[in-house]
*Asks:* 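First the structure, which I've put down as structure tokens, then a few questions once you've had a look.
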Amino acid sequence: MNWQNPIGFATADAVELAVVLLLCGIWLVARGRIGTLATRFASRTIPCMIVLAAMPVVLRLLLLGRYPIPEPAVADDFSYVLLADTLRHFRFANPPHPMSQFFETFFVLQEPTYSSIYPLGQGLAIAAGWLVFGHPWAGIALAVGALCALCYWMLRAWTTPGWSLWGGILAVFLFGPLSQWMNSYWGGAVSGCAGCLVFGSLPRLLVAARLRHVLLLGAGLALQMLTRPFESIPLMAAVALFLLPEWRVWRVLLPRMAPSLLLVVAAVGLTALHNRAVTGNAATTPYQLSRTQYGVPTTFTFQPLPQPQWRLTREQGLDYQIQSTVHGAGPETLGTYLARLGTRIRYFRFYLLPPLYLAVPFFLLLLRRFRFLWVVMTICGFLLCANLYPYFYTHYIAAVSSLFILVGVAGLERLSRIRIRCQPVGDQAAAVIACVCAAHCLFWYGLHLFVPAELTASLARYETWDAINHGDPEGRIEVRRRLMQSPGKQLVFVRYGPQHTFKEWVYNEAQIDEAKIVWARDLGSEENDKLRQYYSDRSAWLLEPDARPWRLVKYEP
Amino acid sequence: MAGSLRLDAMIDWLGLFHSFLPFENPIGFGAADFLELALAAWLAAMFLLRPVAEPWLRRLALRPVVCFLLLAVAPVSLRLALLPHHPVPRAETTEEFAILRTADNLRHFHWLNPAHPMAAFFGPAYAVAQPPGIAIPTALGQAAGEPWAGMVVSVAALCAACYWMLQAWTTPGWALTGGALAVCAFGPLNGWMNDFCGGAISALSGCLVLGALPRLAHKPRWWLAAILAAGLVLAVLTQHIAIVAPIVLLLCVLALQFLGRRSSGHEVAMLLVSFFFFRFCLWYGAHLLEVRGGAAGIRQYEARNGIDRPDPERRAVIDRLLSEAPGRQLVFIRYWPGHQRWDEWIYNDSDIDAARVVRARDLGPAENERLRAYYPDRTAWLLEPDAKPPKLSPYQPEPQPQPVAKPPEPAQAKPAATKPLLQFEEVPQAR
């Protein structure tokens, strides 16, 4: 309130002052000596990549005091962590558990093996971080660091070093410390890295078909295949489309593409091995098997609704119903397809800061060149493919995240070349848009880092598309802490209330029997006693997560 | 109006501002995103249009009379454009009514009114003494038939005077910029244009003094001395803190000019000025279009909003009803418990007995009867402004509550020596 504030400032005044100071400060820095140094530094590829890789990690670590390391919170998170846990024990699948009825949860197979339903890529990244640093989130942070560095590397093939560095910094703030990709286990960054490798290699290959660029292209395609197999189809189509008009270099290029092909074949082989280990059939993915057994994840919109073959728990049944509703029982028509496509435009905001929307019209001026037209076609291709699925999340098209940044950066670069009455005003206009972007990033990050929680909360509804984990709203951290502090091994029966929906608490490590805490569904005292006998050395607890506040007590049959 | 309707229709069709929840907004934008986009577009346009606009503005700045007139007309026309959503303000506070009464006195060329024999009914607006200077614009407005017109003219004069003052201190370009800043700061959205407290006339006195002094130092002229004297007299007559406003404006413009001389400073100064204009246009646009739906939520963050009056229509409705009633009127005002102190309804002309409508405090049936006897030819009304909407009904004296005999208290041993901590006097209730 302005009358209660000692200097008469209301919230809007404080925000205005902060924005003006940031704008002027950034302008002075960018146009001054530091700006000159940064432009010089931008042409040093490796140091830039190191700085950009470190930036999101360091910035997120600085926030740890107020925003702790993210805990898995939704079903997908748990399934990815299970996948990583399995992989870090150097196997693709875990043997089925004899008491598996207690461990039924979302997106996890219990038969023929106890495994996650997801493809390998994201799990590999989490497992790598877990093995090296002892925590699964380390893998997420490292993947985001790699994405930011690779964004810069990719942009170097498309634009000037200065704009590439700026694009890399933009990636730090778009996909970095405040982003959902860094604060959940769903990922996005790994597929984003795959896209960067492909889109950065392609223009370089046309300049000089070096082995490393061929290998990097193959690595990108392989990584995408391991991470998001379906979305690797539009990526491969985009590669083919990029090379199509360059028929003059085919004779030179195609014979040298063998290493790329080899890497793709290796990824296919690895996927087949994973499939075989989990489902028993190299051609059946865990994802497909889950659809057969549980009816989820749902099918493409042009396919009929899946029918679960297994008996579902109440929560699994609810999930199946919801997914079936979103899928729709009726046939897909052009009208429903286009209507759904229209709703996906809003997700562009995740990849572009609001001021960068001003750069898009200037990017359109570049479409006379095929390679920029190709950028638009690739993004559209991904969107059209992703639109075949009833759900949409930002990581579905993460591979083209760097292309969105390219659209913004190339558009600004085009704007910067505009002269009016012989004056280079476009340069200043582009600089001021870039400054507003920087002010946006610094404002929200600074708010989370420095400003008291009450004020941050009052502005939270104006912070769009950031998704940093706030505190411990469901009590997961506290419940886990209490159980970890209890001596010996623990067995927790989870009892949901009648209104419970999808917030799953039953999740377990890859090696259930060795885990310090085993989470099990409450199946009634008679069945529960069987599990207690199986785990006779464990202290039994009853958790009621739907109670307000949640309740954790010693289990009494 | 038609343009505004077309814009509304277009926005409705796109559904852009129906919701600021990212997953409900068609382009995934929240309120802050729209603001950011608008700010970036504004600043980029400023830089892009600079080669075209700057020479034109420089030429304009060299024509002081045109600038002077433009800056005087701008706040008036901008405020008049807001009238559909923000009608002519009416006095609402004790202070404003006191100023209106002072203005009425000035208009009739007398400083004081004789004490009214029924003064208890007409306080407190009569008890507050106001410096006569700040009532000058209102008096001029009253003479023209609408007191608020005087306030509008005083703001127009202030904006033009700011430009005139700045001309003596800085370059023509910066003087014009400063004048435009004054229009934004003191113009249509400011309280000085939307209340009757006379801030603008006091600030005007400051402009006259600050504008005359450097000119006098440069070349003494009798008319400059006269302006200086007028400014000083006005300052003494107004005794208002608003006199510092021109000093603050002058310091800001000089600071911007100083900044503009440094390397990269010119662009920073341009950024600052552009941001200020953006801020003004944003809020002015919000008031002009009277944004609805999710966009209306943005208004709660408007600080220092001087244009929104609590509900000007409620006073207009009552005034209209009273003006339509035949003959002369006497209105008893009855406030409800919890009435806001600043929301004053008891105000009268300087010559109360000659006024067509007399507004009086409701002091209870017995006292009210005395006033009714004093004004036997007036129709009595009861007005309850705290009702929603305010309730005006013919006055009907209520029966005096008869004292009720208390039942004998049960015999109880009372400590004779103890005194109650607090003692309340029995006050007869009005209702």
Side-chain angles (χ1 to χ4, degrees), chain A residues 1-2 5 8-16 19-20 23-25 27-28 30-32 35 342-350 352-359 415 418-423 425-437 439-440 443-444 459 461-465, chain B residues 14-16 19-55 259 262-276 278-279 282-283 294 297-305:
Chain A
M1 294 295 290
N2 45 1
N5 185 281
F9 267 37
T11 310
D13 295 322
V15 170
E16 269 177 41
V19 169
V20 166
L23 261 179
C24 295
W27 183 273
L28 284 172
R31 309 291 281 188
T343 63
R344 307 219 159 147
I345 292 169
R346 65 194 58 165
Y347 291 88
F348 290 3
R349 169 62 187 83
F350 178 83
L352 282 177
L353 290 176
L356 286 181
Y357 279 66
L358 297 172
L415 169 63
I418 286 178
R419 299 173 76 88
I420 295 178
R421 292 189 179 175
C422 302
Q423 289 186 35
V425 284
D427 179 43
Q428 290 174 332
V432 84
I433 291 175
C435 281
V436 178
C437 288
H440 167 104
F443 176 81
W444 288 113
L459 289 172
R461 64 191 172 123
Y462 294 98
E463 186 180 17
T464 47
W465 295 92
Chain B
L14 291 171
L16 280 180
S19 170
F20 286 145
L21 296 174
F23 290 103
E24 289 177 12
N25 186 276
I27 56 168
F29 271 34
D33 295 331
F34 278 111
L35 284 178
E36 250 183 81
L37 182 67
L39 174 64
W42 178 276
L43 295 177
M46 288 280 168
F47 279 108
L48 284 174
L49 296 176
R50 201 170 148 191
V52 181
E54 209 169 67
L259 187 62
R262 301 280 168 270
S263 66
S264 293
H266 185 70
E267 284 145 1
V268 173
M270 191 175 154
L271 270 179
L272 287 169
V273 172
S274 303
F275 189 89
F276 188 84
F278 169 77
R279 182 191 186 281
L282 171 75
W283 294 121
I298 204 170
R299 291 275 303 279
Q300 66 177 299
Y301 287 94
E302 185 182 10
R304 303 259 176 244
N305 170 1

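As the structure is a computational prediction, the values presented were derived from the model and not from experiment. Reminder, nothing fancy here: chain letters follow the sequence lines and each chain counts from 1.
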*Asks:* Can you find a heavy atom in the side chain of B:L35 that is under 4.5 Å from one in the side chain of A:Y462?
*Replies:*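 A side-chain contact is absent here, since even the closest heavy-atom pair is not under 4.5 Å.
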*Asks:* Looking at B:P51 and A:R421, what are the two nearest heavy atoms and their distance?
*Replies:*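 In this case the closest contact between B:P51 and A:R421 is O-NH1, 3.4 Å.
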*Asks:* Just how far is it from atom CG of A:L358 to atom CD of B:E36, taken to the nearest 0.5 Å?
*Replies:*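 Between atom CG of A:L358 and atom CD of B:E36 there are 10.5 Å.
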*Asks:* Go through the atoms of A:Y347 and report whether side chain, backbone, both or neither lie under 4.5 Å from a heavy atom of chain B.
*Replies:*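 Side chain only.
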*Asks:* Taking all non-hydrogen atoms of both residues, which atom of B:L37 and which atom of A:P354 are closest, and how far apart?
*Replies:*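 Looking at all heavy atoms of both residues, the shortest contact is CD1-O, 3.0 Å.
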*Asks:* Do you know which two heavy atoms are closest between A:A429 and B:A44, and how far apart they sit?
*Replies:*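 For A:A429 versus B:A44, the nearest heavy atoms are CB-O, 3.8 Å.
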*Asks:* Counting only non-hydrogen atoms closer than 4.5 Å, does B:L43 touch chain A with its backbone (N, CA, C, O), its side chain (CB onward), both, or neither?
*Replies:*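 B:L43 touches chain A through backbone and side-chain heavy atoms alike.
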*Asks:* Could you report the tightest heavy-atom contact between A:C24 and B:L272, atom names first, then the distance?
*Replies:*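 Answer, listing the atom of A:C24 first, then B:L272: SG-CD2, 3.7 Å.
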*Asks:* For this output row, return yes or no: ring centroids of A:W27 and B:F275 closer than 6.0 angstrom.
*Replies:*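 No, too far apart.
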*Asks:* Can you tell which part of A:V15 gets under 4.5 Å to a heavy atom of chain B, answering side chain, backbone, both or neither?
*Replies:*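 Nothing of A:V15, per the 4.5 Å heavy-atom cut-off to chain B.
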*Asks:* Any donor-acceptor pair under 3.5 Å linking the side chain of A:R346 with the backbone of B:N25?
*Replies:*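 Present.
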*Asks:* Taking side chain as everything from C-beta outward and backbone as N, CA, C, O, which of these in A:E16 sits under 4.5 Å from a heavy atom of chain B? Side chain, backbone, both or neither.
*Replies:*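 When you check distances to chain B, atoms from both the backbone and side chain of A:E16 fall under 4.5 Å.
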*Asks:* Could you report the tightest heavy-atom contact between B:P22 and A:T464, atom names first, then the distance?
*Replies:*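 B:P22 and A:T464 have their closest heavy atoms at CG-CG2, 3.4 Å.
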*Asks:* Just so I understand: if I count every heavy-atom pair under 4.5 Å between each of A:E463, A:H440, A:Q423, A:R31 and chain B, which residue has the most?
*Replies:*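 Result: the option with the highest number of such pairs is A:H440.
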*Asks:* Please say which of A:V432, A:I433, A:V19 ends up in a side-chain contact (heavy atoms from CB on, under 4.5 Å) with B:L39.
*Replies:*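 Exactly one candidate clears the test, A:V19.
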*Asks:* Just say parallel, tilted or perpendicular for the rings of A:W465 and B:F23, cut-offs at 30° and 60°.
*Replies:*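 Plane angle between 30° and 60°, so tilted.
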*Asks:* Quick one: which of B:L21, B:L271, B:V52, B:I27 has the most heavy-atom pairs under 4.5 Å with chain A, could you say?
*Replies:*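 Option with the greatest count: B:I27.
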*Asks:* If I measure from the heavy atoms of chain B, does A:Q428 come under 4.5 Å with its side chain, its backbone, both, or neither?
*Replies:*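 When you check distances to chain B, atoms from both the backbone and side chain of A:Q428 fall under 4.5 Å.
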